[in-house]
Every structure is written in structure tokens, then in C-alpha cells.
Undergrad: 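Have a look at this one before I ask anything.
Atom set for the values below is all heavy atoms of this structure, side chains included, hydrogens, waters and symmetry mates excluded. Read the numbers this way: they start at 1 and go in the same order the structure lists the ligands and their atoms. We number each residue from 1, following the sequence as shown.
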Amino acid sequence: MKKLICVLILSTTLPAALWAGETGQEVTRAKQAIALFAQSLKSELVSTMQAGGPVNAIEVCHSRAEVIARQISQQSGMQLSRVSTFNRNPDNAARDWQIAVLETFEERRSAGEKANTLSWTETAETSGGPEFRFMKAIPTDGLCLQCHGTAIPAEVADKLAELYPHDKAVGYREGDIRGAFVVTSLLD
Ligand code: HEC
């Protein structure tokens with residue numbers, strides 16, 4: 001509790017750079033959890049795409065993404081997820097504060113920052129206590145276009161329509177922000 005009071009005082013009286021130091025450890029852990037998630041998911045996606053094509057690879061995103069996120073959340077003690085304003089899975093719909101951050105990512109990208117460098121952090125007051133929040137933009141690359149692009153192959157589109165009747169995650173171009181990784185943890 002002492003640490004928390006100290007952190008809150010620091011946050012109001014010291015410049016942002018010093019305040020960032022207080023949550024620096026969480027930021028490092030959040031980045032590690034995201035890197036692990038992104039690498040695990042992408043390597044499974046790439047190998048399944050190469051072996052069985054995009055229709056089979058839908059299964060990786062459909063059933064493995066959530067399982068991997070849950071495993072890493074348990075290991076790291078932080079809540080890890082992927083969200084988007086134009087989500088495919090209804091469970092991945094961005095919440096209000098996340099939509100606001102995604103909007104700032106879009107603004108920063110328009111101002112010249114690269115999608116793969118965008119991240120954001122904050123400590124928010126919640127009913128459960130102060131919550132550490134971290135988001136990192138997920139850029140769209142060539143591989144993603146088969147399932148999120150503007151010219152999705154018919155057999156892929158059919159399978160997606162069957163699994164996700166309310167799919168909003170199409171029409172993306174290379175370099176667009178597809179969504180973001182979100183990491184949260186309650187601080188005590
Ligand atoms: C083989 C098809 C396929 C490919 C290729 C693919 N995705 Fe997806 N993507 C999906 C499916 C299916 C889901 C829904 C996953 C679920 O049910 O949680 C999804 C969900 C997502 C989500 C979570 C938000 C949402 O819309 O539900 C993000 C972010 C995402 N994909 C990013 C990417 C990125 C970035 C790439 C390229 C590196 C990529 N995807 C490549 C099929 C694909």
C-alpha cells in the first residue's frame with residue numbers, strides 16, 4: 001500500500017518519463033508476454049498455411065489463439081488478449097478505453113509513425129483498484145490479407161462466414177492496424 005501511495009504522488013508531481021519508470025517492470029513483462037503470444041501464434045499459423053492452405057489455417061486462429069493467450073496469461077499473471085474495433089470474433093470487440101487508444105494509434109500512424117512501433121500504457125483507477133494497462137498495435141502484413149484483406153479467396157470467405165456470421169475483420173490493406181494486443185494487471 002505504501003508503494004501505491006508513493007506511486008500516486010509521483011504520478012501527479014513528476015514528469016511522465018519518471019512516472020513511466022514506476023511501471024517500467026510491468027511494461028517489460030507485458031512486452032515479453034505479447035512477444036511470446038505473437039511468435040507462438042504466428043509460427044503455428046505459418047506452418048499450417050504452408051502445410052494445408054488458408055482454409056485449414058483458420059482453425060489455428062479459431063481455436064488456438066484463445067488457448068495460447070490463456071496459457072500465457074496464467075504463466076505471466078497478466079491478462080492478455082487481442083482486440084479490434086472491426087473484430088471477427090465477438091469476444092475480441094474492443095472496450096471503450098481500448099477503442100480510444102486504437103483511435104490514437106490511427107492518429108499517430110497518420111502523423112508518420114509505423115504501425116509496428118505503436119504502443120501505449122497507463123495506470124487506471126478501477127473498482128478493483130489501480131490497474132496497469134498496456135496496448136501494442138498489431139500491423140497487417142501480406143500473410144494476413146488471405147483472411148483479412150480485400151480479395152479473400154472464395155473458399156476462405158465461405159468458411160469464415162460459417163464460423164463468424166458477424167465478421168467485421170475484412171477489407172484491410174498491408175500496413176493497416178489490424179487491432180492491438182492488450183495486457184492488464186491489477187496492481188497492489
Ligand atoms: C487463415 C486465416 C487467417 C490469417 C492468415 C490471419 N487471420 Fe487473423 N483471424 C482469423 C480468425 C479466424 C480470427 C478469429 C479468431 C478467434 O475466433 O478468436 C482472427 C482474429 C484476428 C484478431 C483478433 C481480433 C478479431 O478480429 O477477432 C487479430 C488482431 C488478427 N486476427 C490479426 C491477424 C494478423 C495481424 C494476421 C497476419 C499476421 C492474421 N490475423 C492472419 C483468421 C486469420
Undergrad: Can you tell me if Phe181 contacts ligand 1 (heavy atom of the residue under 4.0 Å from the ligand)?
TA: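 No, Phe181 has no heavy atoms under 4.0 Å from ligand 1.
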
Undergrad: Which of the listed options, Leu41, Asn89, Asp176, holds the heavy atom that is closest to atom 16 (C) of ligand 1?
TA: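 Among Leu41, Asn89, Asp176, the closest heavy atom to atom 16 (C) of ligand 1 comes from Asn89.
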
Undergrad: So, does Ala180 sit close enough to ligand 1 that a heavy atom of it is under 4.0 Å from the ligand?
TA: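 Per 4.0 Å heavy-atom rule, Ala180 does not contact ligand 1.
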
Undergrad: Is it true that Arg70 and Glu66 make a salt bridge, defined as a side-chain N closer than 4.0 Å to a carboxylate O?
TA: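 Looking at Glu66 together with Arg70, the answer is yes, because their closest N to O distance falls below 4.0 Å.
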
Undergrad: So does Glu131 pair up with Arg133, basic N to acidic O under 4.0 Å?
TA: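 Looking at Arg133 together with Glu131, the answer is yes, because their closest N to O distance falls below 4.0 Å.
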
Undergrad: Decide yes or no for Phe105 and Glu113: does some side-chain heavy atom of the first lie under 4.5 Å from some side-chain heavy atom of the second?
TA: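 No, every pair of side-chain atoms sits at 4.5 Å or beyond.
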
Undergrad: Is ligand 1 under 4.0 Å from a heavy atom in the side chain of Asp141, in the backbone, in both, or in neither?
TA: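 Looking at Asp141 and ligand 1, just side chain atoms fall under 4.0 Å.
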
Undergrad: Under 4.0 Å from any heavy atom of Leu143, which atoms of ligand 1 are there?
TA: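 Close to Leu143: 5 (C).
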
Undergrad: Measure the distance from atom 27 (O) of ligand 1 to every protein heavy atom, then report the residue, atom name and distance (to 0.1 Å) of the closest one.
TA: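 Ranked first by proximity to atom 27 (O) of ligand 1 is Asn92 ND2, 2.8 Å.
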
Undergrad: Taking only heavy atoms of Pro139, which atoms of ligand 1 are found under 4.0 Å from at least one of them?
TA: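 Within the 4.0 Å cut-off of Pro139, ligand 1 contributes 35 (C).
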
Undergrad: List-wise, which protein N, O or S atoms are found short of 2.8 Å from atom 8 (Fe) of ligand 1?
TA: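 Listed by chain and number: His148 NE2.
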
Undergrad: Around atom NZ of Lys168, are there more than 12 heavy atoms of other residues, nucleotides or ligands at under 6.0 Å?
TA: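 Above 12, so yes.
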
Undergrad: Number the atoms of ligand 1 from 1 as they appear, then name those within less than 4.0 Å of a heavy atom of Pro54, with their elements.
TA: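 Matching atoms, with element in brackets: 1 (C).
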
Undergrad: Could you walk me through whether Val67 and Gln71 pass side chain to side chain contact (heavy atoms under 4.5 Å, CB included), step by step?
TA: CA-CA 6 Å; Val67 174; Gln71 279 168 353; 4.0 Å; yes

Undergrad: Is any side-chain heavy atom of Phe134 closer than 4.5 Å to one of Leu80?
TA: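 Sidechains of Phe134 and Leu80: no contact.
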
Undergrad: Please compare Lys168, Glu174, Arg82, Gln146 and report which has the shortest non-hydrogen distance to atom 21 (C) of ligand 1.
TA: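 Checking each option, the heavy atom nearest atom 21 (C) of ligand 1 is found in Arg82.
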
Undergrad: Heavy-atom distance under 4.5 Å between the side chains of Pro130 and Glu125, does that happen here?
TA: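 In short, these two side chains touch, coming nearer than 4.5 Å.
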
Undergrad: Please assess Arg95 against Val83 for the test side chain to side chain contact (heavy atoms under 4.5 Å, CB included), listing each intermediate value before the final yes or no.
TA: CA-CA 8 Å; Arg95 295 165 54 191; Val83 301; over 6 Å; no

Undergrad: Consider only side-chain N and O atoms of Ser84 and Arg178, and report whether a donor and an acceptor are under 3.5 Å apart.
TA: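 Their side chains do contain a donor-acceptor pair, which is all the 3.5 Å distance test asks for.
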
Undergrad: How about Tyr164: does its OH atom have over 12 heavy atoms from other parts shown lying under 6.0 Å from it?
TA: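 Enclosed.
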
Undergrad: With nothing but distance in play, are any N or O atoms of Tyr164 less than 3.5 Å from an N or O of ligand 1?
TA: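 Yes.
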
Undergrad: Taking only Lys NZ, Arg NE, NH1 and NH2, and the carboxylate oxygens of Asp or Glu, determine whether Lys42 and Asp141 approach each other closer than 4.0 Å.
TA: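 Here Lys42 pairs with Asp141 in a salt bridge, since their nearest N and O are under 4.0 Å apart.
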
Undergrad: Which residue and non-hydrogen atom of the protein lie closest to atom 29 (C) of ligand 1, and at what distance in Å?
TA: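 Nearest neighbour among protein heavy atoms for atom 29 (C) of ligand 1, to 0.1 Å: Ile138 CD1, 3.6 Å.
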
